[in-house]
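Report on one structure; see the data block that follows.
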Number of protein chains: 2
Amino acid sequence: MTAKINSKGRGRPRGFDVDAALGTAQALFHEHGYDAVGVAAITEALGINPPSFYAAFGSKAGLFEQVLERYSACALPLEDILAPGRPPAEALAELLAAAARLYAADPHTTGCLVLESARASGDPHSAAKAQALKAASRDYVRAFVARTHAGMADLVADYVVSMMSGLSAGAREGWSAERLGAVARLSAPLLAAMLA
Amino acid sequence: MTAKINSKGRGRPRGFDVDAALGTAQALFHEHGYDAVGVAAITEALGINPPSFYAAFGSKAGLFEQVLERYSACALPLEDILAPGRPPAEALAELLAAAARLYAADPHTTGCLVLESARASGDPHSAAKAQALKAASRDYVRAFVARTHAGMADLVADYVVSMMSGLSAGAREGWSAERLGAVARLSAPLLAAMLA
DNA sequence: ATGAATATGTAATGAGCGCTACATAATACG
DNA sequence: CGTATTATGTAGCGCTCATTACATATTCAT
């Protein structure tokens, strides 16, 4: 096993910034999808050659998993929006509003990378990883609701995740942030009624 | 231009049923997606060779367009459910319920073929066709609502289409018809309030 | 029968895919 | 210094993809 203490090894130093490369790859995957982005496109965007790519990331699927985790870690701050003790209806309404804002923020990276990657296209292993991350987010919502409204937790979590998937699909077709926000806002009274 | 009067031409008769082949291709595309289904898989499933395939359908993209139109024509009877004169809130609620039922009816062909194909993956022309069909359905919903509630038509149509996309995404991950139906049913009071 | 028209089977084409051998360059340790 | 270690550049691997030449088979019209 390679120890991979990257900071200062013995050999030739790496000629490119790995973190910046992850960001570039994330943008490419987000804009065009996993299947449509080839290794050649990534190496060309990074100004490197295939061997450097494989030495750093192992494989295209491996890079994509890193990108997925990087995205889901900092894209939407679930921990902040769904803070324990907060009125659940209000928190979930803001979650949908934040999603609508985020999904249409950059016209090059519309929608949610995780939700849009959770399809059975191309590599099944990568799609399974995205589906696992989506399920984890759903469980996070479910647990947040269950603290105050145990009986409604599953149903509410399914509804919120479904609406987020719908917002992501709309964003991918070019719907504006205002248009998505208007749709997201419709769920607020519904959530308030369910979580009275 | 080839006249294409297929019924009785002069040459050698076709050795397979074109309509049945369209159905087989529809099932393959629906289960695995456009990119994941190669021409080889289709010809093998049909028991024919590539030249017969191209003589009958022109290209993979051309076949997919035919499949998309075939699906959107008979998958969900919009004209019946959204019959003019029907109470709009009730009709739209049934539309969502019917979608939930349809999307999880066959475990091999989950979700909506049109909505799931409306992503920018692989061939951009095919994705554009699916997006056009999705937009057409949205406009159909919009026109139905506008007959009685002109001011709410756009917003309601966006909401309904977004929820259908969310239901389709859930179906693709194996959610049962009951689970999808429970989510769909939540929108009924919301629609009733909007279209009072 | 003869020829025009259409479909089929065999086999291959060029392009792109993810990925890798191999030699070379650049660094750290002894 | 020499040597081990790591990264890079060049070039190409085997594979799958959608698509097609080409000759052959089967039908209709004359």
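Keep in mind that the numbers below use all heavy atoms, side chains included, and drop hydrogens, waters and symmetry copies. Lettering of chains follows the sequences in order, A, B, ..., and the numbering in each one begins at 1.
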- prompt: Got a sec? Which of residues 43-53 of chain A come in under 4.0 Å of DNA chain D, heavy atoms?
  reply: A/Asn49, A/Pro51, A/Ser52
- prompt: Atom CG of B/Leu186 and atom CE of A/Met163: how far apart are they, to the nearest 0.5 Å?
  reply: 10.0 Å
field: Set of residues satisfying salt bridge (Lys or Arg N to Asp or Glu O under 4.0 Å) with respect to A/Arg86, sequence neighbours excluded
entry: A/Glu90, A/Glu94
message: Applying salt bridge (Lys or Arg N to Asp or Glu O under 4.0 Å), can you list everything that pairs with A/Asp35, at least two apart in sequence or on another chain?
response: none
query: Given the rule in the salt bridge (Lys or Arg N to Asp or Glu O under 4.0 Å) test, do A/Asp139 and A/Lys134 qualify, once you have shown the distances and angles that lead to the verdict?
result: CA-CA 9 Å; A/Asp139 289 346; A/Lys134 171 179 176 181; over 6 Å; no
Report the nucleotide, chosen from [options], that has the shortest atom-to-atom distance to any side-chain atom of [X].
X       : options                : value
A/Lys60 : D/dT6, D/dT19, C/dG18  : C/dG18
B/Arg10 : C/dC19, D/dA29, C/dT8  : D/dA29
A/Pro13 : D/dA25, C/dA25, C/dT27 : C/dT27

field: Side-chain donor/acceptor of A/Thr110 to backbone N/O of A/Pro107, under 3.5 Å
entry: no
task: For C/dA7, take OP1 and OP2 only and decide whether either is under 4.0 Å from a side-chain N or O of B/Arg14.
output: yes
Rounded to the nearest angstrom, tell me the gap between atom [atom1] in [X] and atom [atom2] in [N].
X        : N      : atom1 : atom2 : answer
B/Leu63  : D/dT19 : CG    : C1'   : 14 Å
B/Asp17  : C/dA7  : CG    : C1'   : 16 Å
A/Asp123 : C/dC19 : CG    : C1'   : 14 Å
A/Phe57  : C/dG18 : CZ    : P     : 15 Å
B/Tyr54  : D/dC22 : OH    : P     : 18 Å

field: Nearest-nucleotide comparison on DNA chain D, the residue closer to the 5′ end among B/Arg12 and B/Ser59
entry: B/Ser59
5' precedence on DNA chain C between A/Val39 and A/Gly11 (nearest-nucleotide basis): A/Val39
- prompt: Using the ring of each side chain (for Trp, its six-membered ring), is A/Tyr71 parallel, tilted or perpendicular to A/His30, with breaks at 30° and 60°?
  reply: perpendicular
- request: Answer yes if the ring centres of B/Phe57 and B/Phe53 are under 6.0 angstrom apart, and no otherwise.
  value: yes
